[in-house]
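Accompanying notes for the structure given below.
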Amino acid sequence: MRPRAMILALAFALAAGGEVRAADRLVRDLERRIVGVAERASRAFAFLDNGSGVVVSADGEVLTNNHVVMGIGRIEVRLAGGRRFVGEVVGREPIGDFALLKLRDAKGLEFLPIGDSDALQVGEFVIAIGNPFRLGNRNGYFPTPASFEPTVTLGSVTGLYRFRGGYSAAIQTDAAINPGNSGGPLVDLDGRLVGINGMIETRFQNRVHSGVGFAVPAAQILRYLSRLREAKGGVVPRGDIPGLSLVREPSGGAGAEVGTVSPGSFAAKAGFRAGDAIVGIGAYAIPSWVRFLGLVGTFPAGDEVSVRVRRADGEVEIPVRLATAGQAEERDPDAAYLGVWMEDAEGGGVEIRVVLPGTPAQDAGIEVGDVVLAIDGEAAADTDALKEKIKTHKPGEKVKLKVRRASEGAEPKELEIEVTLGKFAG
Amino acid sequence: MNRLSLALAFAFILAGLAPGGRAADDAGTAPALASALSEAFGSAAERIAPCVVAVDVDRDKDIPGFEGRNVPEELKEYYRRPAGPASGVIVSEDGLILTSQYNVAGEVRGIRVTTGDGRAREARILGTDDWDDLALLKVDAKGLPVPVWADPVDLRVGRFVAAVGRSPDRSRPTVNAGIVSALHRKDSRLLQTDAAFDYGNSGGALVDLDGRLVGLIAFVGHRWPDWGMNGGVGLAVRVDAIREVLPLLQRGESIPFPEMPFMGIGQDARAIDVAGAKVETVMDGTGAKAAGLRPGDIIVAIDGEPVTDWDAMVDIVWRRKPGQEIEVTVRRGEDDVALRLTLGRRPR
């Protein structure tokens, strides 16, 4: 081969090899980044008996799911490596399913900085840290001492602003999340906390990861943080704009259309009008009624928000100091319990505003936005009528609900849902 | 050589030698990374694939798959071993094959190993390690390809790994990608990964991006598998544990599942801020019951060794054997009482 051709061939080979090395380097860099994030985030991990938590301040503030510490005021917390602390529940939000703990006598702890969950993009890598099946903290799975080493799994963000039960704006991920992961952090590749993992989709009652997991977004928790700190172990109530009846039809991204505003209601006094299209809250765009309800659910009661509304004559900003969601009422502990908050629906029937986690309603598949039309064949004219009918049953009895469910981009459908009524668990 | 060719050659050489090769701008990096990642797992699998074999086992009788467990009738099907081959890894040129003990458990009539070239050979079991869930087989062969072993010092949580098996198609390896989820399960003998494990790739190879063997795909070392479906939790026998027992198995020796001691008490998990192990339940017919332990007792020492909490107590007890007698000091109200307890055998 002539020298010129040889040199060119060699040069070309080197260039091609360079590209392969570049690709390999990209992968090794990504691998190194994941290893680094896993290492740092694991040092901020907290074992909470049957669940997980994450340290978010050097003096021992720990975030977890509310359901991990339900009914518990004080819990033993072990950090990675087994270091022992007593954690006290400082404040909780049971519907959004998160809680703040404070570790006693803690200082100089490794903690995870909180990131911007609103900056997440579908498809980006995220890491879940948790303790599935108690693999890290129980010396019973294997007959060997516990290593207090958490489990690290890798996945992507597969969806954003998901509405599932009380999780009104959840991050969806396919990172492996199992029983025991609840309360643990979802971390971005910059090593920042973007969510608290708490819910998984399961089938055939097989409570094992199947590719769909949900995390409470950090943005929601941040809005509650100062109130959680002052809650003295109690509940921080959710915000709401009562009195709005939204049009339950797809608007093609044009916002949440207000059907009617109840006269004299909170929404009426704030200045909302029938026909308004709600298109934004603060920096958030609102494409649909589902997103509007979901977003309002991420603010605590008392928060001041600016709601952007489009009218025939232009856009207007309505300042709102959010009211408290839900109705406080006397509850008979032995009465049949469904597990929802409801409102009279526009045009008759009862609209489900909130489905509480871990309730008969959630188990039966009732969804927020469903309009209950009938119960056991009898028309459900309004909330009072529905509540009266439920009261005639005992916990454990089944009822058949006829429900109208809106679906984006399609005709609303009518479903029959059988619910086994339960007992109020508190 | 004319100036143009020289300049061109020079440019290519520079491109090849420059750090990062051909410069990738921001817009180009993401797709480049995406294809690089797929290629990376593909090439790692390609390197190990010749060393991964299919293992077909002919049985007279299988282990029940739920031994010692109270399993409802409809779930027995769920835990039954499906038909089809499992996997194994060649560990010597002359035909030593490593697989999981579960794969060759039961009353085995014959074992057939199929290599990547399609050749099938009869295999016999040399030795099993029931504790680590390993089995060493032997086939008659020469010049088989063997893996490169990873250095345990390089193991890190978060590193990419690929699970490579040879089932159900014996002619083609399967590749499942994931990361290392934990390194110190079961006394650091197992590593955990979210790369998908299943009955088919069980006994196969877990490799890093360089195609080096970091572990053997196994389930756990229990007598029955904890699956029905993969849930993102897979346990592999670590390369250092394998290298430790390989010489023993090669000699034809076997390691039985150790008998674990058993007291017969249940923990009061609500008792925090307690110096000791607080007992909530005492089971009938156990050593604890016979010794006179009562619900509410706080165990503060075992054979004179102070007990700080429940986990510490279990660690102390597990260093003993069934049949051994231990002295258990309990705080009962105001007093400390010493009880003599004969340890039973832990049910599996």
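The chains referred to below are lettered A, B, ... by the order of the sequence lines, with proteins before strands, and numbering in each begins at 1.
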How long is the span from the [atom1] atom in [X] to the [atom2] atom in [Y], to the nearest 0.5 Å?
X	Y	atom1	atom2	value
B:L33	A:D29	CG	CG	9.0 Å
B:D309	A:R84	CG	CZ	4.0 Å
A:E149	B:L191	CD	CG	9.5 Å
A:T151	B:D194	OG1	CG	9.5 Å
A:T144	B:D315	OG1	CG	8.5 Å
B:S43	A:D24	OG	CG	7.5 Å

Go through the atoms of [X] and report whether side chain, backbone, both or neither lie under 4.5 Å from a heavy atom of chain B.
X	result
A:R28	side chain
A:V86	side chain
A:I177	neither
A:F85	neither
A:R32	neither

key: N/O donor-acceptor pair under 3.5 Å between A:N178 side chain and B:G231 backbone   = yes
request  = Might you work through the side-chain contact (heavy atoms from CB on, under 4.5 Å) test for A:V27 and B:F41, ending with a clear yes or no?
outcome  = CA-CA 10 Å; A:V27 175; B:F41 284 113; over 6 Å; no
ask   = Does atom CZ of A:R104 have more than 12 heavy-atom neighbours from other groups under 6.0 Å away?
value =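 More than 12 within 6.0 Å, yes.
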request  = Determine, step by step, whether B:V157 and A:V35 satisfy the side-chain contact (heavy atoms from CB on, under 4.5 Å) criterion, reporting the C-alpha distance in whole Å, the side-chain angles of both residues, the deciding distance to 0.1 Å, and the verdict.
outcome  = CA-CA 6 Å; B:V157 172; A:V35 169; over 6 Å; no
Top contributor to chain B interface from [options] [non-hydrogen pairs under 4.5 Å]:
options	value
A:G82, A:S147, A:A38, A:A175	A:S147
A:T153, A:I129, A:I34	A:T153
A:G36, A:S42, A:P150	A:P150

inquiry  = Using a 4.5 angstrom heavy-atom cutoff, name the option from B:A182, B:A36, B:S181, B:G158 with the most pairs to chain A.
reply    = B:S181
task = Select, from B:R159, B:Q192, B:R185, B:H184, the one with the greatest count of heavy-atom pairs under 4.5 Å involving chain A.
result =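 Ranked by heavy-atom pairs under 4.5 Å with chain A, first place is B:R185.
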request  = Pull out the residues in residues 183-196 of chain A that come under 4.5 Å of chain B, heavy atom to heavy atom, sorted by number.
outcome  = none
ask   = Side chains of A:E31 and B:R156: does their closest heavy-atom pair fall under 4.5 Å?
value = no
query = Heavy atoms, side chains only, cut-off 4.5 Å: are A:P145 and B:D187 in contact?
reply = yes
